[in-house]
Protein chains: 2
Amino acid sequence: MIDTTDLTRNQDLVFKALVDAAVPLSAYTILDRLRDSGLRAPLQVYRALNTLCEKGLVHRLESLNAFVACARPDCHRHETVAFAICDQCNQVSEFSDTEVEARLDAWVRGREFRAERTTIEIRGTCKGCAG
Amino acid sequence: MIDTTDLTRNQDLVFKALVDAAVPLSAYTILDRLRDSGLRAPLQVYRALNTLCEKGLVHRLESLNAFVACARPDCHRHETVAFAICDQCNQVSEFSDTEVEARLDAWVRGREFRAERTTIEIRGTCKGCAG
DNA sequence: TTTGGAAATGTTATAGCATTACATGACTTG
DNA sequence: CAAGTCATGTAATGCTATAACATTTCCAAA
Ligand SMILES: [Zn+2]
Ligand SMILES: [Zn+2]
Ligand SMILES: [Zn+2]
Ligand SMILES: [Zn+2]
């Protein structure tokens, strides 16, 4: 289980901003929303985001250059998490698939490639927006 | 099979720069390497890259903000291509796995999500660099 | 041959994302 | 207290990508 009690002030502000948004936010959007709370510079946000990502409370979405609060407290049981991202409403669905993990792992092991971090992002349109 | 004969001047320059490099390059690195060939502005490179990506001759690597020449002339038979990227030597291995595609497709179809573009990128260390 | 449309190009400026460098402060531990 | 570590503050800079607009090239239809 993930611990949210030992966050510093800035980390807590950034995390709460992402949880409130419920959709991915860029670092600069987070900064704008936290200026009234005292944040002044991008680096304050990026530092908090780095720590939050390391703790697994936040995920970086590479194809958006944005960050989203983790939707699944147990996602750390998986090495790899996948994201389905709706380009209309920005909703993100986070999931994992052990078979996908196994196939990718088999591929890299077969080539003696040491995997550190895997990104899986599906961009498209969600059910509600396609309707 | 992919056709490389109908490229415009700028597209051809950018494509050859990527083929020569054999590793991913950022748009600005490409621009630097092509200044002697007449390119002056980022947009000239980005426009060529967009076209090359649409044709499937080039892939964008989201986790690097960089571009790489397609290594597999037949990769278009697959909706989805995966990349193993060595952070030491920058070598990229491009592959596809129909089972991975099928599992991801099953997930999105189950939620009536319409997938447009899927990114799979594995960052790590290749066999040669791990020693 | 002319003409009109589509696509590519050239150029400047600007917007958006991320890090470097350095100084300061808070807190712990011996 | 002194030293070490971690978080913070601030300014400056660098990297990535697009907007806006003018011009040129090419090709096909009239
Ligand atoms: Zn998660
Ligand atoms: Zn949607
Ligand atoms: Zn390819
Ligand atoms: Zn390597």
Side-chain angles (χ1 to χ4, degrees), chain A residues 3-18 21 23-55 57-68 83 85 87 90 92 117 119 121 123, chain B residues 3-18 21 23-55 57-68 85 87 90 117 119 121 123:
Chain A
D3 185 12
T4 65
T5 62
D6 59 348
L7 298 181
T8 65
R9 173 189 143 83
N10 287 358
Q11 290 161 14
D12 193 57
L13 285 170
V14 169
F15 182 59
K16 282 182 168 47
L18 284 174
V23 292
L25 299 180
S26 75
Y28 277 75
T29 300
I30 295 170
L31 175 58
D32 286 342
R33 296 188 181 189
L34 293 178
R35 285 198 191 276
D36 292 344
S37 303
L39 293 200
R40 314 285 311 263
L43 197 48
Q44 295 175 295
V45 177
Y46 279 107
R47 284 199 277 232
L49 286 170
N50 282 347
T51 304
L52 291 168
C53 286
E54 285 169 4
K55 289 178 182 290
L57 291 167
V58 165
H59 299 294
R60 174 182 172 82
L61 299 175
E62 299 286 357
S63 70
L64 292 177
N65 292 328
F67 302 83
V68 68
F83 302 91
I85 303 165
D87 290 327
N90 298 317
V92 173
R117 191 161 27 106
T119 299
E121 296 176 18
R123 302 281 295 273
Chain B
D3 185 10
T4 64
T5 62
D6 59 347
L7 298 180
T8 65
R9 173 190 141 83
N10 286 357
Q11 290 162 14
D12 193 57
L13 285 170
V14 169
F15 182 58
K16 282 181 167 48
L18 283 173
V23 292
L25 299 180
S26 74
Y28 278 77
T29 300
I30 295 170
L31 176 58
D32 286 342
R33 296 188 182 190
L34 293 178
R35 285 198 191 275
D36 292 343
S37 303
L39 293 199
R40 314 286 310 263
L43 201 45
Q44 296 176 294
V45 176
Y46 279 107
R47 285 199 276 233
L49 286 170
N50 282 346
T51 304
L52 291 167
C53 285
E54 285 168 5
K55 289 177 183 290
L57 290 167
V58 165
H59 299 294
R60 174 182 171 83
L61 300 175
E62 299 285 358
S63 69
L64 292 177
N65 291 327
F67 303 83
V68 68
I85 303 165
D87 291 327
N90 298 316
R117 191 162 26 108
T119 299
E121 296 175 18
R123 302 282 295 272

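Every chain is numbered from 1, with letters handed out A, B, ... down the list of sequences.
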Roughly, in whole Å, what's the span from OH in B:Tyr46 to P in D:dA20? 18 Å
A:Glu121 side chain reached by A:Leu64 side chain, heavy atoms, under 4.5 Å: no
List in chain and number order the residues that pass side chain to side chain donor-acceptor pair (under 3.5 Å) with A:Ser37, two or more places apart in sequence or in another chain; answer none if no residue qualifies. none
Residue list, side chain to side chain donor-acceptor pair (under 3.5 Å) with B:Asn65, at least two apart or on another chain: B:Arg60
Could you state the atom-to-atom distance from CG of A:Asn50 to P of D:dC6 in whole Å? 15 Å
Which residue pairs pass the salt bridge (charged side-chain N to carboxylate O under 4.0 Å, His left out) test when at least one of the two sits in residues 41-53 of chain B, sequence neighbours left out? none
Can you tell me how far C1' of D:dT8 sits from CG of A:Leu34, to the nearest Å? 15 Å
N/O (side chain, B:Asn65) to phosphate O (OP1/OP2, D:dC15) under 4.0 Å: no
Under 3.5 Å, which protein N or O atoms sit close to an N or O of nucleotides 8-16 of chain C? Give each pair with its distance.
residue, atom, partner, partner atom, Å
C:dT9, OP1, B:Thr8, OG1, 2.9
C:dT9, OP1, B:Asn10, N, 3.4
C:dG10, OP2, B:Asn10, ND2, 3.0
C:dG10, OP2, B:Gln44, NE2, 2.4
C:dG10, O5', B:Gln44, NE2, 3.4
C:dG10, N7, B:Arg47, NH2, 2.5
C:dG10, O6, B:Arg47, NH1, 3.2
C:dG10, O6, B:Arg47, NH2, 3.3

Rounded distance (Å) that lies between atom C1' of C:dA18 and atom CD of A:Glu62: 12 Å
Set of salt bridge (Lys or Arg N to Asp or Glu O under 4.0 Å) partners for A:Arg9, sequence neighbours left out: none
Whole-Å distance separating the CG atom of A:Leu64 from the C1' atom of C:dA18: 16 Å
Expressed as a whole number of angstroms, how long is the span from A:Arg60:CZ to C:dC17:P? 10 Å
Interatomic distance where CG belongs to A:Asp6 and P belongs to D:dC6 [whole Å]: 14 Å
Who are the side chain to side chain donor-acceptor pair (under 3.5 Å) partners of A:Gln44, not counting sequence neighbours? none
